[in-house]
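So that the names make sense, note that chain A is the first sequence line, chain B the second, and so on, each numbered from 1. This is a predicted model, so every value here is computed, not measured.
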There are 2 protein chains.
Amino acid sequence: MSVAAIPSAKTPAPRDAQRIYSIAELSREFAITPRTIRFYEDEGLIKPRRHGTTRLYTAGDRTRLGWILRGKRLGFSLAEIRELLDLYQVDRTGLQQLRELQRRCQLHIADLERKRADLDQHIGEFRDVEAQVSAELKQRGVDPEST
Amino acid sequence: MSVAAIPSAKTPAPRDAQRIYSIAELSREFAITPRTIRFYEDEGLIKPRRHGTTRLYTAGDRTRLGWILRGKRLGFSLAEIRELLDLYQVDRTGLQQLRELQRRCQLHIADLERKRADLDQHIGEFRDVEAQVSAELKQRGVDPEST
DNA sequence: TTTGACGTTTACGTAAACGTCAACTAAATC
DNA sequence: GATTTAGTTGACGTTTACGTAAACGTCAAA
């Protein structure tokens with residue numbers, strides 16, 4: 001690894017748009033293993049540049065990776081995430097393509113809103129439990145070390 | 001299957017709290033296979049009564065099943081869901097137990113709120129895309145058959 | 001009485017999403 | 001120049017969440 005663009009461990013590295021990231025750097029930042037990042041590449045979710053065999057990640061790749069992980073947290077499969085990512089870069093010149101894109105966006109948004117309804121209800125239930133417990137604790141004598 | 005409580009396919013079955021459900025009934029209602037329901041039982045997520053070997057599900061079991069599936073939609077693993085379900089029925093007599101329950105509720109709620117922030121951002125992005133596409137379509141001449 | 005719908009257990013299979021070596025290369029440092 | 005450090009590619013293992021098939025019991029209707 002002696003590419004000029006790749007910062008050594010010593011140069012703290014600027015966080016600008018020109019930055020190039022190593023796989024180890026991104027894996028540290030996002031708390032995943034390099035294996036995971038390579039796996040995402042195998043699955044077609046990211047396509048980093050190469051210097052020889054070594055992978056070079058741009059700021060865009062980094063953003064994309066964050067996006068992927070957020071999708072995962074929301075419960076989407078990698079296949080679904082790949083499809084969603086594709087929505088950002090499909091060809092928007094044709095009328096048919098635009099309509100199809102619009103349709104898929106609307107479907108996805110509807111799905112997300114259902115998910116949010118689920119989430120809100122779920123949160124509500126746990127807030128209730130917490131409130132009950134808090135009340136019970138207060139009744140038994142408020143505890144000092146509860147922050 | 002000749003248990004008095006289990007309705008035959010012909011009796012439409014009342015939807016009250018006394019109802020007892022067969023595995024097939026629940027699997028139809030929730031659009032999952034009986035195999036899935038048995039699997040959840042193996043994993044300790046539901047514990048239906050038995051008549052001989054046949055499983056009998058109460059209204060409570062049915063609610064619980066719905067809860068499990070919602071948890072899945074939100075991206076939780078079965079192991080996590082089991083833990084969350086346990087929060088509803090842990091022993092709340094002891095002070096320590098109450099404090100622990102409170103702590104775990106708070107942690108979970110914080111987790112859920114992070115998830116909701118993720119979700120909101122995600123929804124926002126797709127709304128943006130949809131808005132752009134809509135604008136582009138409008139500019140090209142509003143299409144009649146778009147609802 | 002047989003068919004068929006529904007139930008059971010046991011056991012093996014599978015897809016997704018990685019983890020874990022092993023064996024190798026290439027640059028950096030001692 | 002030997003070693004350390006960071007990267008690479010297979011290849012196989014693992015966990016999760018079920019699917020699938022076999023082999024069987026049970027009842028109700030035809």
> Nearest 0.5 Å, what's the CZ-CG distance between A:R73 and B:L119?
Replying inline: 11.5 Å
>> Can you tell me how far apart CG (A:L84) and CG (A:L74) are? Round to the nearest 0.5 Å.
In response: 10.0 Å
Phosphate OP1/OP2 of [N] contacted by [X] side-chain N/O (<4.0 Å):
X     : N      : result
A:Y40 : C:dC18 : yes
B:R50 : C:dT9  : yes
A:T53 : C:dA26 : no
B:K72 : D:dA17 : no
B:T33 : D:dG19 : yes
A:S22 : D:dG7  : yes

For [X] and [N], give me the distance from atom [atom1] to atom [atom2], rounded to whole Å.
X     : N      : atom1 : atom2 : answer
B:L45 : D:dC18 : CG    : P     : 10 Å
A:L78 : D:dT16 : CG    : C1'   : 14 Å
B:F76 : D:dT16 : CZ    : C1'   : 16 Å
A:D42 : C:dC18 : CG    : P     : 12 Å
B:H51 : D:dC27 : NE2   : C1'   : 12 Å
A:I81 : C:dC18 : CD1   : C1'   : 14 Å
A:R49 : D:dG7  : CZ    : P     : 16 Å
B:R73 : D:dA17 : CZ    : C1'   : 17 Å

>> Using a 4.0 Å heavy-atom cut-off, does A:I32 contact any base of the nucleic acid, only the sugar-phosphate backbone, or nothing at all?
In response: nothing
> Ignoring hydrogens and angles, are the base of C:dT20 and the side chain of A:R35 linked by a donor-acceptor pair under 3.5 Å?
Replying inline: yes
>> Using 30° and 60° as the class boundaries, would you call the ring planes of A:F126 and B:Y88 parallel, tilted or perpendicular?
In response: tilted
> How are the rings of B:H122 and A:W67 set to each other: parallel, tilted or perpendicular (split at 30° and 60°)?
Replying inline: tilted
Return the nearest nucleotide to the side chain of [X]; candidates are [options].
X     : options              : result
A:R55 : D:dG7, D:dT8, D:dG19 : D:dT8
B:F39 : D:dT8, C:dT8, D:dC18 : D:dC18
B:R38 : C:dC6, D:dT8, C:dT8  : C:dT8
B:T54 : D:dG7, C:dA17, C:dG7 : C:dG7

> Does any N or O in the side chain of B:D128 come within less than 3.5 Å of the main-chain N or O of B:E125, such that one atom is a donor and the other an acceptor?
Replying inline: no
